[in-house]
Amino acid sequence: MRPTRGRSMGAVTLTAVATFALAALPWFSAPVDSVQGRVEVVVAGTGASPILGALILVVAAGLVAYLLARGVLARVVAGVLALAGVGVVAACVSALLDPVTPLARLAAETSGVPELAGEVSRTPWGVVAAGAAVLLALSGVALALAPPAVAGRSRYERPASSGTSSGTAPGATAEGAVPPSAPVERSSGATDTPAARAAQVDDWDALTRGEDPTR
(Lines give C-alpha, C1' and ligand atoms only; values in the text may rest on other atoms or scores of the structure.)
Protein backbone atom coordinates (compact mmCIF):
# COMPACT_ATOMS: atom_id res chain seq x y z
CA MET A 1 0.00 0.00 0.00
CA ARG A 2 1.43 3.35 -1.02
CA PRO A 3 2.07 5.71 1.92
CA THR A 4 -0.21 8.69 2.26
CA ARG A 5 0.86 12.19 3.17
CA GLY A 6 -1.14 12.34 6.40
CA ARG A 7 0.03 8.97 7.71
CA SER A 8 3.65 9.68 6.87
CA MET A 9 3.46 13.07 8.58
CA GLY A 10 1.99 11.45 11.67
CA ALA A 11 4.68 8.75 11.70
CA VAL A 12 7.50 11.29 11.38
CA THR A 13 6.03 13.40 14.17
CA LEU A 14 5.53 10.48 16.56
CA THR A 15 8.96 8.95 15.95
CA ALA A 16 10.67 12.34 16.27
CA VAL A 17 8.96 13.02 19.61
CA ALA A 18 9.80 9.50 20.83
CA THR A 19 13.46 9.84 19.80
CA PHE A 20 13.77 13.23 21.49
CA ALA A 21 12.19 11.91 24.70
CA LEU A 22 14.46 8.85 24.74
CA ALA A 23 17.54 10.97 24.04
CA ALA A 24 16.82 12.98 27.19
CA LEU A 25 16.98 9.83 29.36
CA PRO A 26 20.24 8.48 30.89
CA TRP A 27 22.12 6.09 28.61
CA PHE A 28 25.41 5.43 30.43
CA SER A 29 26.85 5.75 33.93
CA ALA A 30 30.20 5.01 35.56
CA PRO A 31 31.92 5.65 38.90
CA VAL A 32 34.52 8.42 39.19
CA ASP A 33 36.99 9.13 42.01
CA SER A 34 36.87 12.73 43.14
CA VAL A 35 38.02 14.78 46.12
CA GLN A 36 34.72 14.09 47.85
CA GLY A 37 35.07 10.37 47.20
CA ARG A 38 33.63 8.08 44.58
CA VAL A 39 30.70 9.53 42.69
CA GLU A 40 28.55 8.26 39.84
CA VAL A 41 28.46 10.23 36.61
CA VAL A 42 25.47 9.75 34.33
CA VAL A 43 25.29 10.72 30.66
CA ALA A 44 22.05 11.15 28.73
CA GLY A 45 21.68 10.57 25.02
CA THR A 46 22.07 14.24 24.11
CA GLY A 47 25.21 14.34 26.25
CA ALA A 48 26.61 11.18 24.70
CA SER A 49 26.17 12.64 21.21
CA PRO A 50 25.79 16.46 21.11
CA ILE A 51 24.86 16.33 17.42
CA LEU A 52 21.84 14.20 18.30
CA GLY A 53 19.92 17.12 19.79
CA ALA A 54 20.78 19.33 16.82
CA LEU A 55 19.52 16.74 14.35
CA ILE A 56 16.23 16.37 16.22
CA LEU A 57 15.78 20.15 16.04
CA VAL A 58 16.39 19.91 12.29
CA VAL A 59 13.62 17.32 12.06
CA ALA A 60 11.24 19.58 14.00
CA ALA A 61 12.01 22.55 11.74
CA GLY A 62 11.61 20.32 8.69
CA LEU A 63 8.14 19.26 9.80
CA VAL A 64 7.04 22.90 10.04
CA ALA A 65 8.58 23.67 6.65
CA TYR A 66 6.87 20.66 5.07
CA LEU A 67 3.46 21.85 6.27
CA LEU A 68 4.04 25.17 4.52
CA ALA A 69 5.67 23.80 1.36
CA ARG A 70 3.94 22.53 -1.79
CA GLY A 71 4.95 20.63 -4.88
CA VAL A 72 8.64 20.06 -5.54
CA LEU A 73 9.69 22.06 -2.48
CA ALA A 74 7.68 19.72 -0.24
CA ARG A 75 9.49 16.71 -1.68
CA VAL A 76 12.85 18.40 -1.12
CA VAL A 77 11.95 19.09 2.52
CA ALA A 78 10.80 15.47 2.91
CA GLY A 79 14.16 14.32 1.55
CA VAL A 80 15.93 16.51 4.10
CA LEU A 81 13.79 14.94 6.83
CA ALA A 82 14.79 11.46 5.66
CA LEU A 83 18.49 12.43 5.67
CA ALA A 84 18.12 13.94 9.14
CA GLY A 85 16.55 10.68 10.30
CA VAL A 86 19.53 8.76 8.94
CA GLY A 87 21.82 11.18 10.77
CA VAL A 88 19.94 10.54 14.03
CA VAL A 89 20.46 6.79 13.55
CA ALA A 90 24.19 7.30 12.95
CA ALA A 91 24.49 9.53 16.03
CA CYS A 92 22.74 6.95 18.22
CA VAL A 93 24.88 4.09 16.94
CA SER A 94 28.07 6.12 17.36
CA ALA A 95 27.19 6.96 20.97
CA LEU A 96 26.34 3.34 21.75
CA LEU A 97 29.68 2.15 20.37
CA ASP A 98 31.75 4.61 22.39
CA PRO A 99 30.25 5.40 25.82
CA VAL A 100 33.65 5.98 27.47
CA THR A 101 34.44 9.27 25.69
CA PRO A 102 31.38 11.23 26.92
CA LEU A 103 31.70 9.71 30.40
CA ALA A 104 35.38 10.66 30.64
CA ARG A 105 34.56 14.18 29.47
CA LEU A 106 31.88 14.49 32.15
CA ALA A 107 34.26 13.01 34.75
CA ALA A 108 36.84 15.68 33.90
CA GLU A 109 34.21 18.38 34.37
CA THR A 110 33.08 16.86 37.68
CA SER A 111 36.32 15.85 39.37
CA GLY A 112 39.06 17.25 37.17
CA VAL A 113 40.31 13.74 36.42
CA PRO A 114 39.25 12.34 33.01
CA GLU A 115 39.41 8.74 34.19
CA LEU A 116 36.71 6.29 35.17
CA ALA A 117 36.99 4.27 38.37
CA GLY A 118 34.90 1.34 37.23
CA GLU A 119 32.98 -0.30 34.46
CA VAL A 120 30.42 1.50 32.34
CA SER A 121 26.77 0.69 33.00
CA ARG A 122 24.26 0.92 30.16
CA THR A 123 20.54 1.52 30.21
CA PRO A 124 18.21 0.15 27.52
CA TRP A 125 17.15 3.65 26.45
CA GLY A 126 20.01 4.07 24.01
CA VAL A 127 19.05 0.96 22.04
CA VAL A 128 15.37 1.94 22.11
CA ALA A 129 16.26 5.42 20.89
CA ALA A 130 18.27 3.91 18.03
CA GLY A 131 15.24 1.82 17.05
CA ALA A 132 13.01 4.91 17.14
CA ALA A 133 15.57 6.73 14.99
CA VAL A 134 15.40 3.94 12.40
CA LEU A 135 11.62 4.33 12.28
CA LEU A 136 12.10 8.09 11.96
CA ALA A 137 14.35 7.63 8.93
CA LEU A 138 11.90 5.19 7.31
CA SER A 139 9.01 7.59 7.96
CA GLY A 140 10.99 10.37 6.30
CA VAL A 141 11.52 8.19 3.22
CA ALA A 142 7.81 7.33 3.15
CA LEU A 143 6.97 11.03 3.39
CA ALA A 144 9.23 11.77 0.42
CA LEU A 145 7.47 9.06 -1.62
CA ALA A 146 3.93 10.06 -0.57
CA PRO A 147 1.76 11.67 -3.27
CA PRO A 148 1.31 15.43 -2.97
CA ALA A 149 -1.82 16.87 -1.43
CA VAL A 150 -4.68 17.45 -3.89
CA ALA A 151 -6.57 20.66 -3.41
CA GLY A 152 -10.26 19.84 -3.02
CA ARG A 153 -13.23 21.98 -3.99
CA SER A 154 -14.10 24.58 -1.41
CA ARG A 155 -17.26 24.01 0.54
CA TYR A 156 -18.37 27.53 -0.41
CA GLU A 157 -18.16 26.77 -4.13
CA ARG A 158 -21.62 26.25 -5.64
CA PRO A 159 -22.03 23.36 -8.09
CA ALA A 160 -22.86 24.19 -11.69
CA SER A 161 -26.58 24.39 -12.38
CA SER A 162 -28.27 22.19 -14.93
CA GLY A 163 -28.95 25.21 -17.10
CA THR A 164 -25.28 26.13 -17.20
CA SER A 165 -24.19 22.58 -17.96
CA SER A 166 -26.62 22.34 -20.90
CA GLY A 167 -25.26 25.52 -22.47
CA THR A 168 -28.12 27.81 -21.37
CA ALA A 169 -27.23 30.85 -19.28
CA PRO A 170 -28.72 31.03 -15.76
CA GLY A 171 -32.14 32.66 -15.85
CA ALA A 172 -32.67 31.93 -19.56
CA THR A 173 -35.49 29.75 -20.79
CA ALA A 174 -35.87 27.41 -23.68
CA GLU A 175 -36.67 28.90 -27.05
CA GLY A 176 -40.36 29.68 -27.42
CA ALA A 177 -41.11 29.34 -23.67
CA VAL A 178 -42.50 32.25 -21.74
CA PRO A 179 -41.14 32.85 -18.22
CA PRO A 180 -43.84 32.58 -15.54
CA SER A 181 -43.19 36.12 -14.36
CA ALA A 182 -43.27 37.69 -17.81
CA PRO A 183 -46.39 39.74 -18.49
CA VAL A 184 -48.51 38.79 -21.43
CA GLU A 185 -48.66 41.66 -23.80
CA ARG A 186 -51.75 42.30 -25.86
CA SER A 187 -51.66 43.05 -29.49
CA SER A 188 -51.10 46.73 -30.10
CA GLY A 189 -53.81 46.71 -32.72
CA ALA A 190 -56.47 45.52 -30.23
CA THR A 191 -55.90 48.42 -27.86
CA ASP A 192 -55.65 51.23 -30.39
CA THR A 193 -59.34 51.29 -31.43
CA PRO A 194 -61.74 53.82 -29.85
CA ALA A 195 -64.07 50.99 -28.73
CA ALA A 196 -61.23 49.28 -26.85
CA ARG A 197 -60.20 52.52 -25.15
CA ALA A 198 -63.79 53.20 -24.15
CA ALA A 199 -64.07 49.67 -22.72
CA GLN A 200 -60.98 50.28 -20.60
CA VAL A 201 -62.41 53.57 -19.28
CA ASP A 202 -65.68 51.82 -18.40
CA ASP A 203 -63.72 49.13 -16.56
CA TRP A 204 -61.89 51.74 -14.46
CA ASP A 205 -65.15 53.51 -13.71
CA ALA A 206 -66.69 50.23 -12.57
CA LEU A 207 -63.71 49.56 -10.28
CA THR A 208 -64.03 53.05 -8.83
CA ARG A 209 -67.70 52.37 -7.97
CA GLY A 210 -66.71 49.04 -6.35
CA GLU A 211 -68.26 46.91 -9.06
CA ASP A 212 -66.70 43.89 -10.76
CA PRO A 213 -66.12 44.82 -14.45
CA THR A 214 -65.84 41.16 -15.47
CA ARG A 215 -69.53 40.43 -14.75
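Position 1 is the first residue of the sequence; numbering continues from there.
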- Under a side-chain separation threshold of 4.5 Å, the hydrophobic residues clustered together with Leu97 are Val89, Val93, Val134, Leu138
- Query: Taking the side chain as C-beta and beyond, is there a heavy-atom pair between Glu109 and Val41 under 4.5 Å?
  - Reply: no
- Item | Residue pair Cys92 / Ala133: nearest heavy atoms and the distance that separates them | SG-CB, 4.3 Å
- Query: For residues 93-104, which residue pairs qualify under side-chain hydrogen bond (donor to acceptor under 3.5 Å, both in side chains), counting only residues two or more places apart or in two chains?
  - Reply: Asp98-Thr101
- Item | Contact list for residues 119-132, test side-chain hydrogen bond (donor to acceptor under 3.5 Å, both in side chains), sequence neighbours left out | none
- For Val77 and Ala65 the tightest heavy-atom approach is CG1-CB, 4.1 Å
- Sequence neighbours excluded, the answer for side-chain contact (heavy atoms from CB on, under 4.5 Å) partners of Ala107 is Val32, Leu116
- Distance-minimising heavy-atom pair for Ile56 and Ala23: CD1-CB, 4.4 Å
- Query: Got a sec, which hydrophobics cluster with Val76, joining ILVMFWY side chains under 4.5 Å apart, including via others?
  - Reply: Val72
- Set of side-chain contact (heavy atoms from CB on, under 4.5 Å) partners for Ala74, sequence neighbours left out: Tyr66, Ala69
- Query: Rounded to the nearest 0.5 Å, how far does OG1 of Thr19 lie from CG of Leu135?
  - Reply: 8.0 Å
- Message: Strictly distance-based, threshold 3.5 Å: is any side-chain N or O of Thr15 a donor or acceptor partner for the main-chain N or O of Val12?
- Response: yes
- Apart from Leu57 itself, members of its ILVMFWY cluster (side-chain separation under 4.5 Å) are none
- Message: How close do Ala16 and Val59 get, counting heavy atoms only, and between which atoms?
- Response: CB-CG1, 3.8 Å
- Kindly indicate, with the supporting measurements, whether the criterion side-chain contact (heavy atoms from CB on, under 4.5 Å) is fulfilled by Phe20 and Leu52. CA-CA 9 Å; Phe20 182 79; Leu52 181 59; over 6 Å; no
- Got a sec, which residues hit salt bridge (charged side-chain N to carboxylate O under 4.0 Å, His left out) with Asp33, two or more places apart in sequence or on another chain? Arg38
- Message: For Phe28 versus Ala95, what's the shortest heavy-atom pair and its separation?
- Response: CZ-O, 3.3 Å
- Message: So which atom in Pro102 and which in Gly47 form the shortest heavy-atom distance, rounded to 0.1 Å?
- Response: CB-O, 4.0 Å
- Please collect all salt bridge (charged side-chain N to carboxylate O under 4.0 Å, His left out) contacts where either partner lies in residues 99-108, sequence neighbours excluded, each pair once. none
- Sequence neighbours excluded, the answer for side-chain contact (heavy atoms from CB on, under 4.5 Å) partners of Val141 is Ala82, Leu145
- Considering residues at least two apart in sequence or located in another chain, which fulfil the side-chain contact (heavy atoms from CB on, under 4.5 Å) criterion with Ala11? Ser139
